[in-house]
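One structure is given here, and the rest of the page talks about it.
Atoms within a ligand are numbered from 1 in the order they appear, just like the ligands themselves. We count residues from 1, following the sequence as given.
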Amino acid sequence: MLDGKNVLLGVTGGIAAYKAANLVSMLKKAGAGVDVVMTDAATRFVAPLTFETLSKNAVVSDLFSREKPWEVEHIALAQKADIAIVAPATANTIAKLACGIADNMLTTTLLACTCPVFIAPAMNTAMYENIATQVNLQILKDRGYIVLPAGDGELACGQTGAGRMLEPVDILAAVEEASKKKADFEGKKVLITAGPTREAIDPVRYLTNRSSGRMGYALADAAVSRGADVMLVSGPVALEKPCGASLYPVQSAAEMYDRVMELKDKADVIVMCAAVADYAPVDCAEHKMKKQDALVIELTKTKDILAELGKNKRAYLAGFAAETQNLEGYAKDKLSRKNLDMIIANDVSGPETGFDSEYNAVSIYTRDGNAVHFAKDTKRNLADRILTEIAKNIG
Ligand code: CTP
């Protein structure tokens with residue numbers, strides 16, 4: 001699985017640093033090339049020579065070393081890496097990553113990484129359970145880092161509890177598992193739309209649809225982690241850009257239409273997850289309209305992006321159907337009317353799934369008559385299931 005991959009291993013200053021030497025051996029045996037970057041504190045626990053001997057590569061820890069004066073080394077290392085692992089990851093380095101601080105060779109390199117980054121926390125139980133550390137780990141998870149669990153057991157400080165670094169064999173297994181998943185969208189370009197659109201009435205008012213963008217962003221994140229080259233066309237949302245995706249922000253349905261039409265020919269797969277407004281005001285007032293007793297706004301239908309894509313279909317085309325009744329009937333109608341390969345239907349009438357929720361439940365219908373139903377799950381897990389269904393159809 002890791003044969004020929006380049007792994008960047010970040011070692012930070014914890015007693016578990018000695019275990020990272022074992023991880024280097026395992027990664028090498030699995031066929032990976034390994035570059036080790038150590039923090040200053042880590043070099044106090046284990047000599048760089050140990051890692052150099054095992055990795056057969058120079059260990060880097062000084063941001064200003066001029067051994068290769070022609071290379072911007074942290075950028076070169078970040079670009080070379082297919083996978084990055086921080087093991088052990090101290091509370092301090094975790095906090096720096098969560099804040100985007102780049103004050104040493106490791107944090108600077110990691111900030112420039114676009115590959116999957118695994119974090120193996122290792123620290124005293126109280127430090128691990130401290131709300132600051134837990135919030136930082138959550139921030140990293142939300143941004144697409146793969147945070148590995150900390151093991152329970154006796155710690156170097158003499159206490160027993162959570163905070164032990166996951167054993168190197170388990171870190172390797174987690175990395176291999178993630179690499180396995182990655183393969184099925186390798187080399188594929190996936191265009192995903194997400195979020196609502198805003199149709200301006202005047203400079204301060206707009207019409208919109210209910211949509212948090214979470215489902216589309218989860219799809220983008222999942223597609224990136226499975227190796228896809230992801231173009232995410234997004235309406236206004238309050239979400240972080242999925243790590244590794246190219247983001248194209250838009251406001252209105254017309255802007256989304258233009259952007260999708262510009263990008264569509266590059267895509268192998270298109271998933272229209274956006275809640276595009278069906279109507280837009282005919283005119284947008286130049287100045288803020290003053291309050292009146294009643295207001296009549298003339299609306300016009302927006303262009304149906306998905307139906308347009310269905311007319312001259314080149315990519316595998318999937319749409320969403322958010323319904324409050326007759327889910328299957330309406331979804332299948334959209335599937336054939338818009339000439340889609342797949343429709344993903346979700347019932348948005350329930351309080352626990354749909355719109356602002358982290359959860360969803362979907363039914364997937366394909367052009368060739370297959371149907372699969374996925375019960376309530378996180379949008380991120382459902383994103384993976386949807387991509388697995390798409391992968392079955394694109395070969
Ligand atoms: N969609 C689109 N462009 C629009 C409206 C919708 O591309 N102007 C896409 C959505 O992204 C979604 C699918 O079409 O993938 C379903 O949208 P929906 O508005 O429910 O479909 P309609 O055909 O407009 O049906 P309805 O009568 O339910 O509004």
Shortest protein contact, atom 2 (C) of ligand 1 (heavy atom only):
Asp304 OD1, 3.4 Å
Pairing of Asp384 and Arg380 as salt bridge, 4.0 angstrom limit:
yes
Atom 17 (O) of ligand 1: of Lys301, Glu323, Lys303, Lys338, the nearest heavy atom sits on Lys338
Closest to atom 20 (O) of ligand 1 among protein heavy atoms sits Lys334 NZ, 2.7 Å
Walk me through it: do Leu2 and Ile83 pass the test side chain to side chain contact (heavy atoms under 4.5 Å, CB included)?
CA-CA 9 Å; Leu2 296 177; Ile83 295 161; 3.6 Å; yes
Nearest non-hydrogen protein atom, atom 13 (C) of ligand 1:
Phe320 O, 3.1 Å
Looking only at protein heavy atoms, identify the closest one to atom 3 (N) of ligand 1 and say how far it is in Å.
Ile305 N, 3.0 Å
Can you check atom 25 (O) of ligand 1: any protein non-hydrogen atom closer than 4.0 Å?
yes
Under a heavy-atom criterion of less than 4.0 Å, does Ala253 contact ligand 1?
no
Is Lys189 salt-bridged to Asp229, cutoff N-O under 4.0 Å?
yes
Which atoms of ligand 1 are found less than 4.0 Å from any heavy atom of Leu306?
2 (C), 7 (O), 9 (C), 13 (C), 14 (O), 15 (O)
Only heavy atoms of Gly319, strictly under 4.0 Å: list the atoms of ligand 1 that pass.
15 (O)
Give me the atom names and distance for the closest heavy-atom approach of Cys115 to Ala84.
SG-N, 3.7 Å
Which segment of Asp278 sits under 4.0 Å of ligand 1 when only heavy atoms are counted:
side chain
Using a cut-off of 6.0 Å, state whether more than 12 heavy atoms not belonging to Lys241 lie near its atom NZ.
yes
Test side chain to side chain contact (heavy atoms under 4.5 Å, CB included), reference Leu306, set Thr193, Leu317, Ile270, output is Leu317
Arg259 with Glu255: basic N within carboxylate O range, under 4.0 Å:
no
Can you name the atoms of ligand 1, numbered from 1 with element, that are less than 4.0 Å from a heavy atom of Thr302?
8 (N)
Starting from atom 15 (O) of ligand 1, what is the nearest protein heavy atom, named by residue and atom, and what distance separates them?
Met272 O, 2.7 Å
Contacts of Lys96 meeting side-chain hydrogen bond (donor to acceptor under 3.5 Å, both in side chains) (sequence neighbours excluded), chain-then-number -> Asp103
If you measure from atom 10 (C) of ligand 1 to every heavy atom of Gly310, Ala274, Ala194, which option wins on shortest distance?
Ala274
In sequence, state the C-alpha distance, the side-chain angles, and the governing distance for Lys264 and Glu308, and then conclude on salt bridge (charged side-chain N to carboxylate O under 4.0 Å, His left out).
CA-CA 11 Å; Lys264 71 175 175 32; Glu308 190 59 35; over 6 Å; no
